Amino acid sequence: MEDAYAKSVAEVLQAFGVDPTKGLSDSQVEQNARLYGKNVLPQEESTAFWKLVLKQFDDLLVKILIAAAVISFLLARMNGETGLSAFLEPSVIFMILAANAAVGVITETNAEKALEELRAYQADIATVLRNGCFSILPATELVPGDIVEVAVGCKVPADMRMVEMLSHQLRVDQAILTGESCSVAKELESTPARNAVYQDKTNILFSGTVVVAGRARAIVIGVGSNTAMGSIRDAMLRTEDEATPLKKKLDEFGTFLAKVIAGICILVWVVNIGHFRDPSHGGFVRGAIHYFKVAVALAVAAIPEGLPAVVTTCLALGTKRMARLNAIVRSLPSVETLGCTTVICSDKTGTLTTNMMSVSKVCVVRSVHQRPMTDEYSISGTTFAPDGFIYDAGGLQLEFPPQSPCLLHLAMCSALCNESTLQYNPDKKSYEKIGESTEVALRVLVEKVGLPGFDSMPSALNMLTKHERASYCNRYWENQFRKISVLEFSRDRKMMSVLCSRKHQEIMFSKGAPESIMARCTHILCNDDGSSVPLTMDIRYELEARFQSFAGKDTLRCLALALKRMPAGQQSISYGDESNLTFIGLVGMLDPPREEVWDAIHSCMSAGIRVIVVTGDNKSTAESLCRQIGAFEHLNDFAGYSYTASEFEGLPPLERTNALQRMVLFSRVEPSHKKMLVEALQTHNEVVAMTGDGVNDAPALKKADIGIAMGSGTAVAKSASDMVLADDNFATIVAAVAEGRAIYNNTKQFIRYMISSNIGEVVCIFVAAVLGMPDTLIPVQLLWVNLVTDGLPATAIGFNKPDGNIMTVKPRKVNEAVVSGWLFFRYLVIGAYVGLATIAGFVWWFVYSENGPRLPYSELVNFDSCSTRQTSYPCSIFEDRHPSTVSMTVLVVVEMFNALNNLSENQSLL
C-alpha cells in the first residue's frame with residue numbers, strides 16, 4: 001500500500017479488511033500470502049565463478065597475449081619441438097595472466113557481499129494478532145494486514161502504519177534509513193504532505209529501524225521487496241559498477257596499442273614476403289611460418305606484460321600508506337580515482353560532526369536587580385568524554401563550577417531526570433551511550449560541572465580510571481537522592497518529571513521543551529545567591545529572547561530545567577503537580593563539528609574540489625553547521641547554494657543544472673535522493689566521492705565513482721563502498737585524495753617508462769626483420785625484460801614522493817590521456833635509440849667482437865642464403881646465442897637509464 005501515510009487509520013484497516021481487535025483470520029493470511037509474497041528480501045543470483053574468471057580475460061591486450069601464446073605453442077609443435085622448450089613461452093604468458101585474473105576475481109566477490117548483509121537488518125520475530133489472539137511468529141510469516149505490537153528494543157519487522165498508541169509516545173531510531181541524528185516521534189494522524197519523504201511519514205514504522213521508547217500497535221502495509229529496505233536493495237541491484245578513470249584510460253590505450261601492434265605485425269610480414277622462398281627456411285610455407293614467429297615476437301615485445309602487475313603493486317603500496325592515514329581501501333583501482341575527484345558529497349552526521357550531542361551553552365538568571373539579568377556560560381568538549389571546561393561570558397574559565405547555585409542545580413536535575421547511561425568501552429577506547437543522545441549530553445554536562453565541597457575537585461576527578469570517571473558525578477547525585485516516582489515524557493506535555501527524596505525532603509525535577517517548562521514556572525533560581533524569586537514578565541521576555549537566540553542564530557537544540565519542593569512524605573506525582581515550578585536554566589546542545597573539518601574544507605577548496613554537504617536533517621540546522629565549518633564562508637545569502645530535496649526536485653531542468661554547479665548543501669534527503677544527486681553530477685562529467693554510514697547510503701555509495709563508508713557504519717554500507725574511514729573523519733578523505741593524486745602521478749610515470757621501453761623492443765625486432773638479420777631477441781627474452789627488467793624499476797618509480805604543490809592544483813580532467821600525442825612522439829624518439837642501440841650490440845658481436853666470427857656486414861644481412869653459397873664459416877654460427885645475450889645486456893642497461901629519465905615528465909634528472 002503506497003499511500004498509507006496519507007490515509008486515516010480507519011481507511012487503512014478497511015483497505016485490508018481487518019478488525020484491529022481480532023487481526024486477520026487464517027483464510028485472510030493465506031490469501032494475502034499468495035497475493036503479496038513472503039516477508040523476505042529475495043535471494044540474489046550470484047555470478048557463477050567461471051563467469052567471473054572469464055570476465056577477467058575480456059580485455060583486448062589480454063586476448064592478443066593469449067593468441068600469441070597459443071600461436072607460439074602451435075608453431076613450436078609444427079617445428080617439431082617437444083618438452084620444455086615448446087611449453088616455456090606459453091606457460092610464462094599464462095602464469096602472468098592467471099595472477100592478474102586472481103586479483104580481479106577477489107575484488108569482484110567483495111561487491112556481492114553488500115546485498116547479503118542487508119538481511120541482517122530484518123527482524124527475526126514479531127508479536128502478531130491473529131484470530132483474536134496474540135502470538136510470537138517468525139517475521140518472515142508476516143503478511144500485509146497483520147496487526148503487530150512493538151515495544152522498546154524491538155526491531156520493526158516490516159513497513160507498518162500506526163493504528164494504536166499504547167504509551168504516551170513512541171520514538172523510533174531510523175538513522176540507518178534517513179541519517180537523522182535524533183530518534184523520531186511517531187503519531188497516528190495522517191500526513192497531508194505531497195511528495196512526502198521518509199522523514200515526513202511520521203505515522204509509518206519502517207522495516208529494520210529500532211523502537212527506542214514506548215509501545216504501540218501497527219498494521220503491516222509492505223513486506224519483503226515492498227519495504228523501505230527492499231527499495232534500497234533494488235537500488236543497489238540497479239547500480240552498475242563504473243570503470244575507474246585509470247581503467248578507462250588503460251583500456252583506450254590498450255585499444256590504440258592493439259591497432260599499432262596489428263599494423264606492425266602485418267607490415268613485417270608484407271615487407272618480408274620476398275624472403276619466404278629463401279632456401280634457409282626450406283620452402284615458402286616454412287618461410288611464411290618463420291616470419292609469422294617474428295610477428296608473434298613483435299606482439300610480445302609491444303605489449304607491456306608487467307603493466308597490470310606493476311599497476312596492482314603500486315596501488316597496493318598506496319593502500320598500505322592510506323591505511324596508516326586511517327583510510328582502508330577495499331577496491332584497489334579506487335585509490336587512483338581519488339586523485340581526480342572533483343566533488344565530495346559528504347554526510348553531515350558523524351563525518352563532518354562527531355555524532356555525539358553535547359551541551360555547548362547554558363543560560364541562567366543571575367539576579368533580578370542587575371542588568372543584564374541573565375548569565376551565559378559556554379562549555380568546551382565535543383564528544384561523550386567527560387573532559388571539558390565551563391567558561392563565563394567573558395571567556396574566563398570557572399575554577400569551581402558547583403559554587404554557582406544554578407549550575408549545581410542544573411547538574412542535579414540533569415543527573416536525576418535522565419534515563420540514559422554513559423559508559424567507557426576499553427576495547428574501542430571511547431565513551432559510549434545507551435539511550436537518547438540529548439539525555440547523554442546532559443549526563444556529560446553533569447561530569448563537567450563536578451561536585452560541590454571539594455577544592456581539589458577537578459584534579460581529583462582526573463585521578464579516577466576512565467571507567468569510574470564516565471559517570472562518577474552522576475552516580476554521586478543518584479546516591480544522594482532516592483527516586484520515588486517518574487512521569488514519562490509525553491508529546492502533549494513535551495516534558496518529563498521525576499520525584500526524588502533526600503534527607504526527608506521531597507523535590508520534583510523536570511526537564512522539557514523551553515516553551516512548556518517556562519509556561520509552568522512561577523519562580524526562578526538566582527545564580528548570585530541561590531534565592532528563589534517570582535518570575536516577572538521582564539525576566540520571561542529576556543529568557544525567551546535568549547531561547548530564540550539559542551534556537552535561531554545558533555541552531556541549538558534547547559531544553560529547560562526546573563524544580564519544585566513537594567510536601568514531605570509524598571510518594572507519587574501526577575500531571576497536576578507540574579505547575580508552580582522554579583526555573584533553573586536553559587541548556588543548548590548540538591552535534592558539534594569535528595575540529596579538523598574547517599582546515600580540510602579549505603584544503604578541498606584550494607585543490608579545486610567542491611564539497612556538498614548531504615543530510616537528512618532540516619535545512620536551518622544544516623546551514624548553521626555549514627557556517628561553522630567554513631563551507632559557506634564566502635556567502636552572505638544561501639539562496640541558490642542550499643536546497644532541500646523537494647525544492648531541488650521541483651526545479652525546471654535548466655535551473656536544476658545551474659543548481660548542481662553551485663550547490664553546497666542538500667538537506668531533508670532520503671536514500672533515492674543521494675543516488676539521484678550522484679547520477680546528476682556524473683552526467684556533468686564530475687568525478688564524485690560519496691560518504692555514508694547507514695544502510696540508506698548503500699545505493700549511492702555503489703553508484704559513486706568512489707564510495708566512502710564510515711568505520712562505525714553498518715556492514716551494508718562498508719560492503720557497498722570502495723574505501724572505509726576507520727576514524728569516520730572528513731579530514732582523512734582529504735589526506736587520501738592527496739595520496740590518490742600522488743599515486744596517479746607515479747602510475748603515469750611508470751606507464752610511460754614501460755611504454756617507451758616496449759617501443760625500443762619493437763624497433764629492435766622490426767628493424768632487424770626489415771634489414772634481413774637473424775632474430776636479435778627471442779620471445780622468452782622479451783618476456784623476461786618486460787616483466788623483470790621493466791617491472792622492478794617501474795615499481796620503484798611507484799614509490800616516488802609526491803610533489804609539494806599536489807593539493808594546490810586543480811583535479812586532472814577525466815579524459816586526460818595517460819600518453820598524449822606529443823608524449824607518444826617523444827617516446828618514439830626514445831624508443832628508436834633504445835632499439836637501434838640493441839641492434840648495434842647484435843651487429844658488433846658478429847662484425848667486430850674478438851670472440852665473434854668477424855663477418856662482413858653484407859654476410860650478416862644475407863644470412864638466410866648461407867646454405868646455398870660457399871662460405872668460410874659454418875652456417876650454424878647464426879644460431880649462436882651470444883649475440884642475443886649482448887643485445888639483451890645493451891637493452892637492459894639502456895632501459896635503466898630510461899628509468900631515471902622517467903622520474904619526472906618535464907624536470908631534468910640533475
Side-chain angles (χ1 to χ4, degrees), residues 175 178-182 184 193 195 197-200 343-361 378 382 437-438 441 514 545-558 588-602 604-605 609-651 655-656 658-670 673-674 676-677 680-681 690-693 697 730-731:
T178 60
E180 289 163 291
S181 46
C182 297
V184 179
N195 299 335
V197 294
Y198 291 148
Q199 293 93 320
D200 298 328
V343 178
I344 298 174
C345 296
S346 176
D347 213 20
K348 175 184 81 75
T349 309
T351 309
L352 297 170
T353 66
T354 59
N355 196 17
M356 298 185 192
M357 269 289 177
S358 43
V359 175
S360 66
K361 285 189 176 180
S378 54
T382 56
S437 298
T438 47
R546 277 301 169 96
F547 167 49
Q548 294 307 331
S549 162
F550 276 19
K553 185 165 73 74
D554 300 326
T555 60
L556 300 179
R557 227 179 138 173
C558 297
M589 52 185 80
L590 79 166
D591 179 6
R594 291 175 176 272
E595 290 165 1
E596 50 285 316
V597 165
W598 175 277
D599 291 336
I601 293 271
H602 284 78
C604 286
M605 287 175 177
I609 300 169
R610 195 151 60 97
V611 178
I612 299 178
V613 179
V614 183
T615 178
D617 266 348
N618 65 50
K619 195 173 180 178
S620 58
T621 307
E623 283 177 352
S624 164
L625 175 94
C626 288
R627 228 183 272 114
Q628 290 170 16
I629 60 174
F632 280 157
E633 196 181 28
H634 52 298
L635 307 173
N636 296 322
D637 178 22
F638 304 154
Y641 295 91
S642 168
Y643 294 91
T644 64
S646 48
E647 284 170 357
F648 182 72
E649 282 187 310
L651 293 175
E655 281 183 44
R656 194 185 280 201
N658 293 336
L660 273 175
Q661 288 162 357
R662 301 169 63 194
M663 185 188 285
V664 176
L665 172 65
F666 197 37
S667 53
R668 289 307 269 180
V669 299
E670 57 179 52
H673 295 132
K674 291 187 176 185
M676 175 195 76
L677 177 66
L681 288 165
M690 170 63 94
T691 74
D693 56 357
D697 299 320
F730 180 80

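A quick note: this is a predicted structure, and the numbers were derived from the prediction, not measured. Side chains included, hydrogens not; waters and symmetry mates left out as well; all remaining heavy atoms used.
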Response to the item:
Separation between CZ (Phe547) and CG (Leu556), nearest 0.5 Å, reads 10.5 Å
Worksheet entry | Gap separating the OG1 atom of Thr438 from the CG atom of Asp591, nearest 0.5 angstrom | 12.0 Å
Worksheet item: Is there side-chain contact between Leu625 and Thr621, with heavy atoms separated by less than 4.5 Å?
Response: no
Discussion item. With side-chain contact (heavy atoms from CB on, under 4.5 Å) as the criterion, how do Asp554 and Ser549 come out once you've worked through the C-alpha distance, each side chain's angles and the decisive distance to 0.1 Å?
Written reply: CA-CA 7 Å; Asp554 300 326; Ser549 162; 4.2 Å; yes
Discussion item. Measuring only between side-chain heavy atoms, which start at C-beta, is Leu352 closer than 4.5 Å to Pro593?
Written reply: no
Worksheet, complete the sentence: Smallest heavy-atom separation, Trp598 atom then Arg627 atom, equals CZ3-O, 4.3 Å
Worksheet entry | ring pair (Phe, Tyr, Trp, His ring centres under 6.0 Å) involving Tyr641 - partner list, sequence neighbours excluded | none
Fill in: Sub-4.5 Å side-chain heavy-atom contact between Met690 and Asp347
no
Fill in: Under 3.5 Å donor-acceptor, Asp200 side chain and Val197 backbone
yes
Worksheet entry | Step-by-step side-chain contact (heavy atoms from CB on, under 4.5 Å) determination, Arg610 to Leu681 | CA-CA 11 Å; Arg610 195 151 60 97; Leu681 288 165; 3.8 Å; yes
Fill in: Interatomic distance, Asp697 atom CG to Thr691 atom OG1 [nearest 0.5 angstrom]
7.0 Å
Practice prompt. Determine the minimum heavy-atom distance between Gly616 and Gln199, stating which atoms define it.
Written response: O-NE2, 3.2 Å
Per-pair distances, 0.1 Å, donor-acceptor, side chain in residues 661-669, under 3.5 Å, sequence neighbours excluded:
none

Worksheet item: Would a distance-only check, ignoring hydrogens and angles, find a side-chain to backbone donor-acceptor pair under 3.5 Å from Ser437 to Met357?
Response: no
Fill in: Which atom of Ser358 lies closest to which atom of Pro592, heavy atoms considered
OG-CG, 3.3 Å
Item to complete: Decide yes or no for Thr382 and Met356: does some side-chain heavy atom of the first lie under 4.5 Å from some side-chain heavy atom of the second?
Response: no
Worksheet entry | Within 45° cone and under 6.0 Å: Arg594 NZ/CZ vs Phe730 ring | no
Practice prompt. Determine yes or no for a side-chain-to-main-chain donor-acceptor pair under 3.5 angstrom, with Glu670 supplying the side chain and Tyr198 the backbone.
Written response: yes
Practice prompt. Quick one: which residue pairs count as a salt bridge (Lys or Arg N to Asp or Glu O under 4.0 Å) with a foot in residues 638-648, not counting sequence neighbours?
Written response: Lys619-Glu647
Practice prompt. To the nearest 0.5 angstrom, please state how far the CD1 atom of Ile629 sits from the NE2 atom of His602.
Written response: 10.0 Å
Fill in: More than 12 heavy atoms from other groups under 6.0 Å of CZ on Arg557
no
Worksheet entry | Validation row: Ile344, Ile609 side chains within 4.5 angstrom (heavy atoms) | yes
Worksheet item: Within a strict 4.5 Å, meaning less than it, do heavy atoms of the Cys345 and Leu677 side chains meet?
Response: yes
Discussion item. Using 0.5 Å steps for rounding, measure from the CD atom of Gln628 to the CD1 atom of Ile601.
Written reply: 12.0 Å
Worksheet item: For the residue pair Leu651 and Ala659, what are the closest heavy atoms and their distance?
Response: CD1-CB, 3.9 Å
Discussion item. When you measure from the side chain of Thr353 to the backbone of Lys348, do you find a donor-acceptor pair of N or O atoms at a distance under 3.5 Å?
Written reply: yes
Worksheet entry | Spatial distance of atom OG1 (Thr354) from atom CD (Glu595) [nearest 0.5 Å] | 9.5 Å
Discussion item. Do His673 and Glu649 have side chains that approach each other closer than 4.5 Å (heavy atoms only, starting at C-beta)?
Written reply: yes
Worksheet item: Between Cys626 and Val613, which heavy-atom pair has the shortest distance, and what is it?
Response: SG-CG2, 3.8 Å
